[in-house]
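Data first, discussion second: the structure below is written as structure tokens.
Computed from heavy atoms alone, side chains included, the values below leave out hydrogens, waters and symmetry copies. Naming convention: chains lettered A, B, ... in sequence-line order (proteins, then strands); numbering from 1 in each chain.
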Amino acid sequence: MPDIRTRFAPSPTGDPHVGNIRTALFTWLFARRHGGKFILRIEDTDQAREVEGSVDAIKESLRWLGLDWDEGPEVGGEYGPYFQSERLDHYQSAAEQLIDSGHAFRFEDERGSALKFAMPNDGSTVVSDVIRGKVEFDNSLIDDFVILKSDGFPTYHLASVVDDHFMRISHVIRGEGWLSSAPRHVLLYDAFGWDPPGFVHVPDILASGGGKLSKRHGAVSVNEYRQLGYLPHALVNFLALLGWSYDDKTELFTSEELIESFSLERVSKSGAIFNLEKLDWMNGHYIRESGDAELTDALLDYWCRYPATELPPEPDRSILLQVVPLIRERLKTLADAAERVPFFFNDDFDYEPDQLIQRKMDGAGTLRALSEAVKVVEAIEPFDGATLESKLRSLVDELDIKVGQLLGTLRVATSGLKVSPPLFESLEILGRERVVRDLNRAIHKLDSTPQ
RNA sequence: GGCGCAUUCGUCUAGCGGCCUAGGACACCGCCCUCUCAAGGCGGAGAUCACGGGUUCGAAUCCCGUAUGCGCUACCA
């Protein structure tokens with residue numbers, strides 16, 4: 001194979017959509033797989049649709065997912081510039097070449113003077129697509145199309161062909177929506193006398209109904225998924241499997257494995273519905289796989305970027321490091337952590353007194369359990385999870401109640417939660433002083449409640 | 001309307017003529033484990049391979065129609 005050079009060429013029209021980023025991922029994977037170059041090019045030829053900040057959002061999304069580019073904005077490269085708005089002279093001279101060779105003609109209307117490509121009125125054009133094979137189009141069915149707009153900017157057709165040629169792109173990998181306009185592109189290559197690149201039209205990512213993925217279906221951009229607490233690698237792995245598969249069973253891949261395994265031949269032909277439940281599962285899997293320090297820092301970074309109201313502005317890292325093993329397997333996203341850990345950092349939580357009273361218990365019994373528990377906790381030595389467990393289990397026997405009854409009460413008293421991380425380990429982290437205080441507060445709350 | 005692409009469990013997919021009484025994963029259900037919630041283990045249910053014709057000894061796999069979905073048919077990409 002010749003030098004592999006691929007490109008991701010988004011228009012700066014907003015926060016990049018997961019569908020486009022999935023295409024970028026395939027494009028990147030293909031380049032990396034073959035030791036080629038991955039180029040980022042910004043297609044800003046429609047000033048009206050341009051959205052402020054989009055280029056930063058695009059770079060940020062790619063960077064977060066680890067899709068590094070070899071040429072493009074910031075890194076430069078020998079085939080720049082990489083913004084189409086800075087390459088108008090290329091399109092201009094290419095257009096002139098087409099006029100000279102009789103392939104293009106001026107066209108006037110209310111908007112001014114534009115340039116159109118003259119379609120042949122007979123014959124057909126074959127597009128050779130890597131995953132769909134040869135697709136034939138009847139030339140007479142395609143109208144002459146604008147290549148240079150009256151504002152002096154090129155249309156996508158001209159700009160992408162000219163850039164792909166001069167940037168030595170070997171494979172044009174893009175969404176399947178472009179297949180229908182691909183014959184125009186091969187005709188342009190012909191008219192210029194250039195060899196066309198390989199065309200690869202990859203399937204779309206769809207919303208649950210099978211339609212376009214849009215805001216009404218929830219998150220659509222990579223940045224939104226980041227904000228929802230998904231890990232970059234979980235998104236990468238999940239997106240890689242939307243429209244591509246390695247075999248009949250492998251689903252979990254490291255980035256290195258993805259690069260080693262990726263091939264365009266195994267990209268599917270039909271659109272894939274974005275299955276959020278599976279992303280959740282995969283994200284949970286990668287959270288479970290991460291080490292204590294790794295997860296701790298991921299959470300800290302996440303909260304720093306998207307502050308959680310229920311947590312202190314700068315949660316204590318050493319506490320979180322101890323908490324992480326207790327919550328790791330309970331998280332689907334980083335966002336899930338905020339609701340289960342606040343009590344480790346603050347004791348200002350509140351709850352209704354009757355939440356202390358467990359099933360088939362009454363106020364008096366709960367009060368007795370609580371005050372006995374205080375005695376145990378005050379005396380226990382050492383104050384650690386294992387000792388707490390054995391002493392409190394003995395207390396359960398002495399009180400002749402159920403384990404769940406005692407622990408449920410203690411859980412609410414020390415965390416304010418009905419569902420919390422494992423109790424004994426949590427108590428150890430909280431420390432004796434704090435636990436005694438929480439239990440006494442619970443006793444007081446119950447005591448002052450009219451039965 | 002015309003042209004193009006697509007069509008396997010709810011979803012992502014394996015399958016590229018006999019290995020398929022169609023495999024895996026997520027979700028779902030049940031059991032086990034268990035201090036809540038999870039995680040984990042085990043098991044279950046779930047697809048007449050869109051439909052109809054062919055070709056073949058034999059088709060989810062090849063061919064032709066039909067239906068449905070999507071895309072193009074813009075001085076948007």
Side-chain angles (χ1 to χ4, degrees), chain A residues 9-13 20 43-46 48-49 84 107 109-116 127 129 131-132 135-138 140-143 145-157 159-160 174-184 201 203-206 208-212 238 241-252 265-266 268-282 284-285 287-288 326-332 336 340 358 389 392-393 396 402-412 415 417-426:
Chain A
S11 291
T13 54
N20 291 117
E43 307 219 325
D44 52 349
T45 57
D46 184 1
R49 295 206 319 154
Q84 292 188 326
F107 166 84
D109 74 2
E110 325 78 62
R111 284 162 290 189
S113 170
L115 200 67
K116 278 191 174 184
V127 174
D129 184 275
I131 61 187
R132 284 156 218 276
V135 184
E136 189 172 355
F137 296 85
D138 191 340
S140 65
L141 265 18
I142 302 175
D143 291 332
F145 56 95
V146 174
I147 53 176
L148 218 48
K149 298 183 272 187
S150 52
D151 63 2
F153 279 71
T155 57
Y156 172 86
H157 308 303
S160 67
R174 69 223 314 190
E176 63 176 328
W178 291 108
L179 182 57
S180 300
S181 27
R184 297 188 179 93
H201 292 94
D204 291 328
I205 289 184
L206 315 169
S208 37
K212 261 190 160 55
F238 173 72
L241 258 20
L242 240 34
W244 173 82
S245 64
Y246 177 66
D247 59 16
D248 61 343
K249 40 184 67 81
T250 318
E251 301 210 283
L252 267 9
E265 290 66 43
R266 297 196 60 88
S268 33
K269 295 180 165 75
S270 52
I273 292 175
F274 192 96
N275 183 192
L276 192 63
E277 286 76 31
K278 186 144 186 177
L279 206 212
D280 282 340
W281 164 76
M282 199 171 272
H285 167 82
I287 284 178
R288 271 170 252 133
L326 308 187
I327 60 171
R328 177 168 30 221
E329 62 219 30
R330 284 158 242 269
L331 306 179
K332 284 203 299 245
D336 290 343
R340 2 189 64 130
Q358 303 300 298
E389 171 150 25
L392 289 171
R393 279 185 189 279
V396 166
K402 295 270 178 26
V403 173
Q405 294 176 317
L406 205 222
L407 301 197
T409 298
L410 299 184
R411 168 170 287 115
V412 171
S415 71
L417 303 170
K418 286 210 301 242
V419 171
S420 81
L423 187 67
F424 307 116
E425 293 85 340
S426 296

Taking only nitrogen or oxygen atoms into account, show me every contact under 3.5 Å that the protein makes with nucleotides 41-43 of chain B, one pair per line with its distance.
none

Taking salt bridge (charged side-chain N to carboxylate O under 4.0 Å, His left out) as the definition, give me every residue that meets it alongside [X], ordered by chain and number, with sequence neighbours left out.
X      : result
A:D109 : A:R111
A:R340 : none
A:R266 : none
A:D44  : none

| message | According to ring pair (Phe, Tyr, Trp, His ring centres under 6.0 Å), who are the partners of A:F145, at least two apart in sequence or on a separate chain? | response | A:F117, A:H157
| field | For A:F137, all residues meeting ring pair (Phe, Tyr, Trp, His ring centres under 6.0 Å), sequence neighbours excluded | value | none
| Side-chain N,O (A:R266) to OP1/OP2 (B:U13) below 4.0 Å | no
| said: If the cut-off is 4.0 Å, is A:R393 near the phosphate of B:C35, judged by side-chain N/O to OP1 or OP2? | reply: yes
Tabulated below should be each protein N or O lying under 3.5 Å from an N or O of nucleotides 2-7 of chain B; please produce it.
{"unit_1": "B:C5", "atom_1": "O2'", "unit_2": "A:R132", "atom_2": "NH1", "d": "2.6"}

| For atom C1', what is the distance between B:G15 and B:A22, given to the nearest Å? | 8 Å
| With the sugar-phosphate defined as primed atoms, P, OP1 and OP2, and the base as all remaining atoms, what B/S/- string results for nucleotides 60-69 of chain B, 5' to 3', for protein heavy atoms under 4.0 Å? | ----------
| request: Specify the separation, in whole Å, of atom CG of A:L206 and atom P of B:G10. | output: 17 Å
Give me the distances for all protein-to-nucleotides 28-33 of chain B N/O pairs that come in under 3.5 Å?
none

Produce the list of close N/O pairs, under 3.5 Å, pairing protein atoms with atoms of nucleotides 21-25 of chain B; give distances to one decimal.
{"unit_1": "B:G23", "atom_1": "N2", "unit_2": "A:D248", "atom_2": "O", "d": "3.3"}
{"unit_1": "B:A25", "atom_1": "O4'", "unit_2": "A:E251", "atom_2": "OE1", "d": "3.0"}
{"unit_1": "B:A25", "atom_1": "O2'", "unit_2": "A:E251", "atom_2": "OE1", "d": "2.3"}
{"unit_1": "B:A25", "atom_1": "O2'", "unit_2": "A:K278", "atom_2": "NZ", "d": "3.1"}
{"unit_1": "B:A25", "atom_1": "N3", "unit_2": "A:K278", "atom_2": "NZ", "d": "3.3"}

| field | Under 3.5 Å on both distances, the Watson-Crick or G-U partner of B:U48 | value | none
What protein N or O atoms touch nucleotides 75-77 of chain B N or O atoms at under 3.5 angstrom, if any, and at what distances?
{"unit_1": "B:C75", "atom_1": "O2", "unit_2": "A:S150", "atom_2": "N", "d": "2.7"}
{"unit_1": "B:C75", "atom_1": "O2", "unit_2": "A:S150", "atom_2": "OG", "d": "2.8"}
{"unit_1": "B:C75", "atom_1": "N3", "unit_2": "A:S150", "atom_2": "OG", "d": "3.2"}
{"unit_1": "B:C75", "atom_1": "N4", "unit_2": "A:D109", "atom_2": "OD1", "d": "2.1"}
{"unit_1": "B:C75", "atom_1": "N4", "unit_2": "A:D109", "atom_2": "OD2", "d": "3.0"}
{"unit_1": "B:C75", "atom_1": "N4", "unit_2": "A:G112", "atom_2": "O", "d": "3.3"}
{"unit_1": "B:C76", "atom_1": "OP2", "unit_2": "A:K149", "atom_2": "NZ", "d": "3.3"}
{"unit_1": "B:C76", "atom_1": "O2'", "unit_2": "A:D46", "atom_2": "OD2", "d": "2.8"}
{"unit_1": "B:C76", "atom_1": "O2'", "unit_2": "A:R49", "atom_2": "NE", "d": "3.0"}
{"unit_1": "B:A77", "atom_1": "OP1", "unit_2": "A:T45", "atom_2": "OG1", "d": "3.0"}
{"unit_1": "B:A77", "atom_1": "OP1", "unit_2": "A:K149", "atom_2": "NZ", "d": "2.7"}
{"unit_1": "B:A77", "atom_1": "OP2", "unit_2": "A:Y156", "atom_2": "N", "d": "3.2"}
{"unit_1": "B:A77", "atom_1": "O3'", "unit_2": "A:S11", "atom_2": "OG", "d": "2.8"}
{"unit_1": "B:A77", "atom_1": "O3'", "unit_2": "A:E43", "atom_2": "OE1", "d": "3.1"}
{"unit_1": "B:A77", "atom_1": "O2'", "unit_2": "A:S11", "atom_2": "OG", "d": "2.9"}

